[in-house]
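A short worksheet on the structure shown next.
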There are 2 protein chains.
Amino acid sequence: MITYLIKMSILNSKINYTAVEECKIFIRPIRDVIEIIGGKWKLPILTALSFKDHRFKELEKRISGITPKMLSKELKDLEMNNFVHREVSETSLVMVTYSLTEYGKSLDNLLVLMRDWGINHRKKMTSTYR
Amino acid sequence: MITYLIKMSILNSKINYTAVEECKIFIRPIRDVIEIIGGKWKLPILTALSFKDHRFKELEKRISGITPKMLSKELKDLEMNNFVHREVSETSLVMVTYSLTEYGKSLDNLLVLMRDWGINHRKKMTSTYR
DNA sequence: CGGCATCCCTAATGATACTG
DNA sequence: CAGTATCATTAGGGATGCCG
């Protein structure tokens, strides 16, 4: 029988595992993270919202190059994951305001770690090859 | 004049920043990370190599669904980033062995954090919507 | 204003066959 | 065995225009 063991570590442990484990236990949650913050526009949107709440049009103007279609799609994704709050207030015109949720802000810790790792990696790569 | 300030935090600080800052300082390194471990096959390859060194054909068999073309490409990427070491030894047949480098193993810390965040997020999402 | 619907294009991946 | 070459497919976005 195959023994199913959960590794606390992913790459440093010598515990055997099956292809199933490889996929489900380690990879899926990491993929989730990548899906959540990956793509071309998720991070620009999140950082924009971290500064202040934005209306749809404001975001569109601030994030240069984004189309309303993509903005709409990405905002929906972020809202579905509870990172972004969407609030409609009908004055005379339709007005929709997007804001970061507390949960959205809690992404920050992870983002900082990823950023620092990335900065370090880039340093390493550029210093190695010259 | 616009003041250029580096935020230690990404989403929790109220310091203003320009679109340039948004892109270059925070987003690019995070994108780097995503590019390095993203894609369909990078993580399966890394986890496979973490267990033991593999030859090309072994990886191809172990990682179900991958084509030699993709395997070759992904291995090249990983090698370029210094995560994977490629060693050719000519016995009677051509034999190429791939292994994780120490630097590749150092990815582990970050992967564990991402995984744990992802697991937690998935829990949160499934408990919320039922 | 805040979006959706439609068409379109390219880059990434897959399938298959082949080579040193 | 360890890949490469070629063709076929697809999905992620862009461009544009329209609607409540």
Side-chain angles (χ1 to χ4, degrees), chain A residues 19 23 27 31-46 48-49 52-81 83-100, chain B residues 19 23 27-28 30-46 48-49 52-81 83-100:
Chain A
C23 290
I27 296 177
R31 288 263 163 77
D32 287 350
V33 174
I34 292 177
E35 205 177 319
I36 284 164
I37 61 170
K40 198 169 171 182
W41 304 111
K42 296 262 167 58
L43 286 173
I45 292 171
L46 288 174
L49 291 180
K52 75 173 194 68
D53 300 351
H54 282 72
R55 298 174 61 179
F56 190 89
K57 207 68 176 181
E58 287 178 320
L59 281 172
E60 200 182 336
K61 274 186 287 190
R62 182 181 195 113
I63 300 170
S64 96
I66 196 168
T67 59
K69 175 183 160 187
M70 286 312 295
L71 180 54
S72 169
K73 178 188 167 299
E74 302 288 68
L75 281 170
K76 265 180 197 159
D77 290 350
L78 292 170
E79 201 194 342
M80 227 182 47
N81 279 307
F83 295 130
V84 162
H85 176 67
R86 177 178 186 272
E87 184 157 20
V88 185
S89 70
E90 301 244 9
T91 51
S92 53
L93 289 172
V94 182
M95 178 165 137
V96 179
T97 306
Y98 292 91
S99 54
L100 266 194
Chain B
C23 288
I27 296 178
R28 198 184 60 179
I30 298 178
R31 288 262 163 77
D32 287 350
V33 173
I34 292 177
E35 204 178 320
I36 284 164
I37 62 170
K40 199 170 172 182
W41 305 111
K42 296 263 168 56
L43 285 173
I45 292 171
L46 289 174
L49 290 180
K52 73 174 195 67
D53 300 351
H54 281 72
R55 300 173 60 179
F56 190 88
K57 205 68 175 181
E58 287 179 319
L59 281 172
E60 198 181 337
K61 275 187 286 190
R62 184 183 193 111
I63 300 170
S64 96
I66 197 169
T67 59
K69 175 181 160 187
M70 286 313 295
L71 181 54
S72 169
K73 178 189 167 297
E74 301 289 68
L75 282 170
K76 268 177 196 159
D77 290 351
L78 292 170
E79 202 194 341
M80 225 181 47
N81 278 307
F83 295 132
V84 161
H85 176 67
R86 177 178 185 272
E87 185 157 18
V88 184
S89 69
E90 301 243 9
T91 50
S92 54
L93 289 172
V94 182
M95 179 166 136
V96 179
T97 305
Y98 291 93
S99 55
L100 267 193

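The chains referred to below are lettered A, B, ... by the order of the sequence lines, with proteins before strands, and numbering in each begins at 1.
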To the closest 0.5 Å, what do you measure between [atom1] ([X]) and [atom2] ([Y])?
X        : Y        : atom1 : atom2 : value
Ile27(A) : Leu43(B) : CD1   : CG    : 5.0 Å
Phe83(A) : Leu75(A) : CZ    : CG    : 13.5 Å
Leu71(A) : Lys76(A) : CG    : NZ    : 11.0 Å
Asp53(A) : Glu87(A) : CG    : CD    : 8.5 Å

Do Lys42(B) and Leu78(B) touch side chain to side chain, with heavy atoms closer than 4.5 Å? yes

Would you say the side chain of Ile45(B) lies within less than 4.5 Å of the side chain of Tyr98(B), judging by non-hydrogen atoms? no

side-chain hydrogen bond (donor to acceptor under 3.5 Å, both in side chains) partners of Arg55(A), counting only residues at least two apart: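 side-chain hydrogen bond (donor to acceptor under 3.5 Å, both in side chains) check on Arg55(A) returns nothing, list empty.
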
Let me know the distance between [atom1] of [X] and [atom2] of [N], rounded to the nearest Å.
X        : N       : atom1 : atom2 : result
Lys76(B) : dG3(D)  : NZ    : C1'   : 8 Å
Ile63(A) : dG14(D) : CD1   : C1'   : 16 Å
Ile66(A) : dG14(D) : CD1   : C1'   : 12 Å

All N/O contacts under 3.5 Å from nucleotides 7-13 of chain D to the protein, with atom names and distances to one decimal?
none

Check every nucleotide of DNA chain C for an atom under 4.0 Å from a heavy-atom of chain B, then give the first and the last such nucleotide from 5' to 3'. dT13(C) to dA15(C)

Determine to 10° how strongly the helix from dC1(C)-dG20(D) to dG20(C)-dC1(D) is bent, judged from the axes of its five-pair ends.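 The helix from dC1(C)-dG20(D) to dG20(C)-dC1(D) shows an end-to-end axis angle of 50°.
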
Quick check on dG3(D): is either OP1 or OP2 less than 4.0 Å from any side-chain nitrogen or oxygen of Tyr98(B)? yes

N/O (side chain, Ser72(B)) to phosphate O (OP1/OP2, dA2(D)) under 4.0 Å: no

Residues two or more places apart in sequence or in another chain: which of them pass side chain to side chain contact (heavy atoms under 4.5 Å, CB included) with His54(B)?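 Per chain and number, His54(B) pairs via side chain to side chain contact (heavy atoms under 4.5 Å, CB included) with Ala48(B), Leu49(B), Lys52(B), Glu58(B), Leu59(B), Arg62(B).
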
Residues that Lys73(A) engages under side chain to side chain contact (heavy atoms under 4.5 Å, CB included), provided they are two or more places apart: Met70(A), Asp77(A)

Shortest non-hydrogen separation from Glu60(A) to Pro68(A) and the atoms involved: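 Residues Glu60(A) and Pro68(A), closest heavy atoms: OE2-CD, 3.6 Å.
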
Please report the shortest heavy-atom distance between Gly39(B) and Arg31(A), naming the atom on each side.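 Distance-wise, the nearest heavy atoms are O-NH2, 3.3 Å.
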
When Val94(A) and Arg55(B) are each assigned the nearest nucleotide of DNA chain D, the 5'-most assignment goes to Arg55(B)

